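Keep in mind it's a predicted model, so treat the numbers as computed, not measured.
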Amino acid sequence: MGVGAIFILLGVLWLLQLVLAYQQAQRFMQRARALRRQGRVAIGASRRQLRGRAYVTLAVGPDDRVAAAEALRGITVFANARPVPALLGLSAAELAAGARVAGLPPRVLAAAQSAAATIHPPVREGVGSSG
C-alpha cells in the first residue's frame with residue numbers, strides 16, 4: 001500500500017468519524033428537546049479528560065427539583081444518553097451549590113452540577129451596586 005492510499009484511507013476514516021459524531025449530537029439534542037416537556041432544561045459538561053467527558057441534560061420542574069436527567073458518557077461516537085435516576089428529585093439549587101450524590105461517577109456529577117449551575121448561577125458576594 002502506497003503513501004497516497006494511506007492518506008486517502010485516513011481521510012475517509014476522518015470523514016466517517018465526523019458523520020458519526022454529527023449523528024450522535026443530533027440524537028443527544030433530540031433527547032434534550034424531549035425533556036423540555038418536563039420543565040426547564042439545561043445541559044452541562046464535565047472537564048475534558050483523557051477518558052472522555054460526560055454530558056448531562058437536566059429537566060427541572062416548577063418545584064425546582066430535577067424531574068429528569070440523562071447522561072452521555074464515553075469516548076466513542078457510539079455512546080448514547082442514559083437515564084440517571086440518582087439525580088431525580090434533588091433540588092437544582094443544592095446541586096448547583098455542589099451537593100454530592102452517592103454512587104454517581106465523578107464526571108457525571110460534575111456535568112450535573114454544571115447543568116444545575118446554568119439554571120441557578122452562583123451568587124458572588126460584593127458584585128454589583130449596593131445602593
Asker: How close do Arg53 and Ala45 get, heavy atom to heavy atom, and via which atoms?
Answerer: NE-CB, 4.2 Å
Asker: Which atom names give the shortest non-hydrogen contact between Ala67 and Gly61, and what distance separates them?
Answerer: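 Smallest interatomic distance, heavy atoms only, reads CB-N, 4.2 Å.
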Asker: Checking Arg31 now: which residues fulfil side chain to side chain donor-acceptor pair (under 3.5 Å) with it, not counting sequence neighbours?
Answerer: Glu70
Asker: I'd like to check the side chain to side chain contact (heavy atoms under 4.5 Å, CB included) partners of Ala25; sequence neighbours left out, ordered by chain and number.
Answerer: none
Asker: Please tell me whether Leu90 and Val84 are part of a single hydrophobic cluster in this structure, the criterion being side-chain heavy atoms less than 4.5 Å apart.
Answerer: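 Linked within one cluster.
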Asker: Any idea which heavy atoms bring Ala69 and Leu88 closest together, and the distance?
Answerer: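 Nearest heavy atoms, Ala69 then Leu88: N-CD2, 3.9 Å.
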Asker: How far does CG of Leu95 sit from OG of Ser114, to the nearest 0.5 angstrom?
Answerer: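 That separation rounds to 10.0 Å.
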Asker: Do you know which two heavy atoms are closest between Ala59 and Leu35, and how far apart they sit?
Answerer: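 Closest approach of Ala59 to Leu35, heavy atoms only: CB-O, 3.6 Å.
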Asker: According to side chain to side chain donor-acceptor pair (under 3.5 Å), does anything in residues 94-111 pair up with another residue at least two apart or in another chain? List the pairs.
Answerer: none
Asker: Among residues at least two apart in sequence or on other chains, which ones pass salt bridge (Lys or Arg N to Asp or Glu O under 4.0 Å) with Arg40?
Answerer: Asp64
Asker: Ignoring hydrogens and geometry, is there a side-chain-to-backbone donor-acceptor pair from Gln113 to Ala99 under 3.5 Å?
Answerer: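 The answer is yes, because a donor-acceptor pair under 3.5 Å joins these two groups.
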Asker: List in chain and number order the residues that pass side chain to side chain donor-acceptor pair (under 3.5 Å) with Arg47, two or more places apart in sequence or in another chain; answer none if no residue qualifies.
Answerer: none
Asker: Flag the pair Gln17 / Leu13 as yes when at least one side-chain heavy-atom distance between them is below 4.5 Å, and no otherwise.
Answerer: no
Asker: Check the hydrophobic clustering (I, L, V, M, F, W, Y; side-chain heavy atoms under 4.5 Å; chains of links allowed) and say if Tyr55 and Met29 are grouped together.
Answerer: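 Per the 4.5 Å side-chain linkage, Tyr55 and Met29 are co-clustered.
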Asker: Give the cluster check for Val101 versus Leu58: same hydrophobic cluster or not, with ILVMFWY residues linked at side-chain heavy-atom distances below 4.5 Å.
Answerer: yes
Asker: Just checking Gln30: does its CD atom have more than 12 heavy atoms from other residues, nucleotides or ligands closer to it than 6.0 angstrom?
Answerer: no
Asker: Only counting residues at least two apart or in another chain, list the ones meeting side chain to side chain contact (heavy atoms under 4.5 Å, CB included) with Ala97.
Answerer: none
Asker: Do Leu72 and Gln24 come within less than 4.5 Å of each other through their side chains, counting heavy atoms only?
Answerer: yes
Asker: Using every non-hydrogen atom in the two residues, find where Ala115 and Gly44 come nearest and quote the distance to one decimal.
Answerer: CB-N, 3.4 Å
Asker: To the nearest 0.5 Å, tell me how far Thr57 OG1 sits from Arg36 CZ.
Answerer: 10.5 Å
Asker: Examine Leu104 and Val66 and state if one hydrophobic cluster contains both, with Ile, Leu, Val, Met, Phe, Trp and Tyr joined whenever side-chain heavy atoms are less than 4.5 Å apart.
Answerer: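 Leu104 and Val66: one cluster.
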Asker: Taking Ala110's backbone N and O only, do any of them form a donor-acceptor pair with Ser46's side chain (distance below 3.5 Å, no angle check)?
Answerer: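 Pair absent, no side-chain N/O of Ser46 close to backbone of Ala110.
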